[in-house]
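Following: one structure in structure tokens, then a few remarks.
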2 protein chains.
Amino acid sequence: MKGSIPTATVARLPLYLRCVSEVAPDQVTCSSEQLAESAGVNPAQVRKDLSYVDPPGVRGVGYDVAELRAVLRRELGLTREHRVAIAGAGNLGNALTMYPGFNESGFNVVALFDTDPTKIGTRIDSLTVEPYETIGTIVAARDVSIGVIATPVKAAQEVADRFVEAGVRSILNFAPAVLKRPAGVEVRRVDLSTELQILAYYEGRLGG
Amino acid sequence: MKGSIPTATVARLPLYLRCVSEVAPDQVTCSSEQLAESAGVNPAQVRKDLSYVDPPGVRGVGYDVAELRAVLRRELGLTREHRVAIAGAGNLGNALTMYPGFNESGFNVVALFDTDPTKIGTRIDSLTVEPYETIGTIVAARDVSIGVIATPVKAAQEVADRFVEAGVRSILNFAPAVLKRPAGVEVRRVDLSTELQILAYYEGRLGG
DNA sequence: TAGATTGTTAATCGATTAACAATC
DNA sequence: TAGATTGTTAATCGATTAACAATC
């Protein structure tokens with residue numbers, strides 16, 4: 001069954017991990033009811049989702065908090081270290097470089113790239129900004145597995161190509177572009193203006 | 001039929017808007033095939049989605065580029081101005097304040113809040129940082145309709161409550177928290193570490 | 001045993017897509 | 001008319017959830 005977790009379930013695992021990490025320290029087990037409450041989903045959803053991960057809950061008792069946390073971390077691959085490279089040292093790129101949530105769970109920002117000559121060579125939070133041309137060598141040398149694209153849209157595809165060519169198989173894309181890439185490369189897109197536009201749509205219907 | 005567009009379709013409208021805005025300037029019409037190609041979705045999907053917006057395409061011809069663009073902008077509410085307030089003047093908040101994509105389509109950042117006394121009163125990009133306590137009055141006075149939460153997780157709920165009390169009905173939440181809020185308040189969550197964790201999951205399966 | 005709570009089934013719901021008649 | 005391309009149907013697929021037997 002390994003590897004066959006539905007995508008909707010995978011997307012909720014980080015949420016469950018956060019929720020199970022936040023239960024009271026004296027609490028040994030927790031119920032699907034409780035997790036559902038704090039995750040904001042249906043209890044049946046929680047049970048179905050958690051039935052995909054290995055050591056199961058116990059009927060009549062619930063889920064062992066420490067065990068569930070460990071299982072989710074393992075399942076999500078957080079027991080390994082992940083080395084992250086960020087392209088684009090503008091406001092967003094710098095904010096991401098210093099984002100506390102990154103280092104919290106084994107994600108390590110080990111490289112920062114930009115194309116602007118006035119930025120190249122400067123230091124952000126112990127990292128030196130390097131030019132795009134060096135992505136290939138640096139990504140390989142520092143064993144980067146995740147590439148983050150925080151460049152303007154016109155540079156996004158070039159940077160993605162360089163990442164992919166250097167062996168990166170996971171990309172987090174903040175640029176408002178649909179990236180072309182070979183099969184086997186996973187891209188997640190986070191688009192701030194898209195989110196705002198969706199909010200604007202619902203604003204028109206509801207409250208006003 | 002107004003107001004009954006499926007959520008999955010709504011979430012793709014911004015993408016179509018971007019794609020139709022990017023066709024060659026000499027091109028008068030475009031096909032679902034072409035839009036699908038540049039949006040990275042199925043052509044049948046495009047036709048189904050666009051069948052929800054009003055002036056339809058023309059069989060045998062396609063969609064009028066200028067008209068489709070206008071319709072999508074109207075449908076998404078981008079013909080109105082949207083006033084945005086950002087809570088949290090850390091790296092992320094500052095990056096968002098200066099994010100070019102915000103002002104591009106009628107989203108205007110008109111207030112910036114923080115709780116840190118050393119930040120309050122400083123200026124970021126023509127805005128003065130104000131304390132959380134003033135959210136109520138300022139949001140009302142400046143007619144803010146969208147609240148952005150870029151605070152640490154522990155301040156997120158308090159800020160959300162203040163936004164909601166001040167009449168904000170649309171919230172974009174960057175804090176890793178599930179916000180409690182009354183019905184009628186639309187929240188979209190953007191969680192960077194969740195995205196990384198999902199990538200980490202797939203990394204474990206595919207490429208390695 | 002009685003109470004609690006899971007895992008799983010089956011029903012429902014919503015989203016995607018192939019296929020094609022409609023029609024420019 | 002012939003070719004192109006939509007709008008829409010119907011089939012399929014995947015996700016959600018109520019219900020309940022299993023079982024601690």
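Every chain is numbered from 1, with letters handed out A, B, ... down the list of sequences.
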(message) Applying side-chain hydrogen bond (donor to acceptor under 3.5 Å, both in side chains) to B/Ser193 and B/Asp191, what does each step give before you reach the verdict?
(response) CA-CA 6 Å; B/Ser193 20; B/Asp191 187 337; 3.3 Å; yes

(request) Without swapping roles, check the side chain of B/Arg142 against the backbone of B/Val110 for a donor-acceptor pair under 3.5 Å. (result)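 Side chain of B/Arg142 to backbone of B/Val110, a donor-acceptor pair under 3.5 Å: yes, one is there.
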
(message) Strictly distance-based, threshold 3.5 Å: is any side-chain N or O of B/Asn42 a donor or acceptor partner for the main-chain N or O of B/Ala44?
(response)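 Checked: pair present.
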
In whole Å, what is the span from the [atom1] atom of [X] to the [atom2] atom of [N]?
X: B/Leu50; N: D/dT6; atom1: CG; atom2: P; answer: 9 Å
X: A/Gln45; N: C/dG7; atom1: CD; atom2: P; answer: 14 Å
X: A/Tyr52; N: D/dA15; atom1: OH; atom2: P; answer: 8 Å
X: A/Asp49; N: D/dG14; atom1: CG; atom2: P; answer: 16 Å
X: A/Asp64; N: C/dT5; atom1: CG; atom2: P; answer: 15 Å
X: B/Asn42; N: D/dA11; atom1: CG; atom2: C1'; answer: 14 Å
X: A/Lys48; N: C/dA11; atom1: NZ; atom2: C1'; answer: 12 Å

(message) Under the rule for side-chain contact (heavy atoms from CB on, under 4.5 Å), what residues qualify as partners of A/Ala11, not counting sequence neighbours?
(response)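 Counting only residues at least two positions away or on another chain, A/Ala11 forms a side-chain contact (heavy atoms from CB on, under 4.5 Å) with B/Ile198.
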
(request) Please identify each residue that fulfils side-chain contact (heavy atoms from CB on, under 4.5 Å) with B/Ser21, with sequence neighbours left out. (result)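 Partners of B/Ser21 under the side-chain contact (heavy atoms from CB on, under 4.5 Å) test: B/Leu17, B/Arg69.
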
(request) Map every base of DNA chain C to its dot-bracket character, where paired means a Watson-Crick or G-U wobble contact with both distances under 3.5 Å and | marks a partner outside the strand. (result) ..||||||||||||||||||||||

(message) Students often get this wrong, so: under 4.0 angstrom with heavy atoms, is B/Pro6 touching a base, only sugar-phosphate, or nothing?
(response)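 Counting heavy atoms under 4.0 Å across all strands, the contact made by B/Pro6 is with sugar-phosphate only.
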
(request) With heavy atoms under 4.0 Å as the rule, sort B/Pro43 into base, sugar-phosphate or nothing. (result)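 No contact at all - B/Pro43 keeps every heavy atom at 4.0 Å or more from the nucleic acid.
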
(message) Measuring to OP1 and OP2 of C/dC24, would you say a side-chain N or O of B/Tyr63 lies under 4.0 angstrom away?
(response)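 No, because none of the side-chain N or O atoms of B/Tyr63 sits under 4.0 Å from OP1 or OP2 of C/dC24.
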
(message) When you compare the side chains of A/Glu203 and B/Ser145, does any donor N or O come within less than 3.5 Å of an acceptor on the partner?
(response)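 Result is yes, a qualifying pair exists.
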
(request) Check the side chains of B/Thr9 and B/Asp49 for a donor-acceptor pair under 3.5 angstrom, ignoring hydrogens and angles. (result)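 Result is yes, a qualifying pair exists.
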
(request) Go through the structure and list residues passing salt bridge (charged side-chain N to carboxylate O under 4.0 Å, His left out) with B/Arg74, not counting sequence neighbours. (result)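 By the salt bridge (charged side-chain N to carboxylate O under 4.0 Å, His left out) rule, B/Arg74 matches no residue at all.
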
(message) At a heavy-atom distance below 4.0 Å, what parts of residues 8-41 of chain B sit against DNA chain C?
(response)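 Contacts with DNA chain C under 4.0 Å: B/Ala8, B/Arg12.
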
N/O contacts under 3.5 Å, protein versus nucleotides 19-21 of chain C?
{"from": "C/dA19", "atom 1": "N6", "to": "B/Arg47", "atom 2": "NH2", "distance (Å)": "3.3"}

(request) Map B/Gly57 and A/Val58 onto DNA chain D by nearest heavy atom, then report which one ends up closer to the 5' terminus. (result)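 On the 5' side of the pair lies B/Gly57.
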
(message) One thing to verify: whether A/Glu75 and A/Arg73 come together as a salt bridge, which I'm taking to mean a side-chain N less than 4.0 angstrom from a carboxylate O.
(response)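 Judged by the 4.0 Å cut-off on N to carboxylate O distance, A/Arg73 and A/Glu75 do not form a salt bridge.
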
(message) Less than 4.0 angstrom from a charged side-chain N to a carboxylate O is my criterion; do B/Arg181 and B/Glu165 meet it?
(response)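 Looking at B/Glu165 together with B/Arg181, the answer is no, because their closest N to O distance does not fall below 4.0 Å.
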
(request) Give the C-alpha distance, both sets of side-chain angles, the deciding distance and a yes or no for side-chain hydrogen bond (donor to acceptor under 3.5 Å, both in side chains) between B/Tyr99 and A/Asn91. (result) CA-CA 8 Å; B/Tyr99 186 65; A/Asn91 290 308; over 6 Å; no

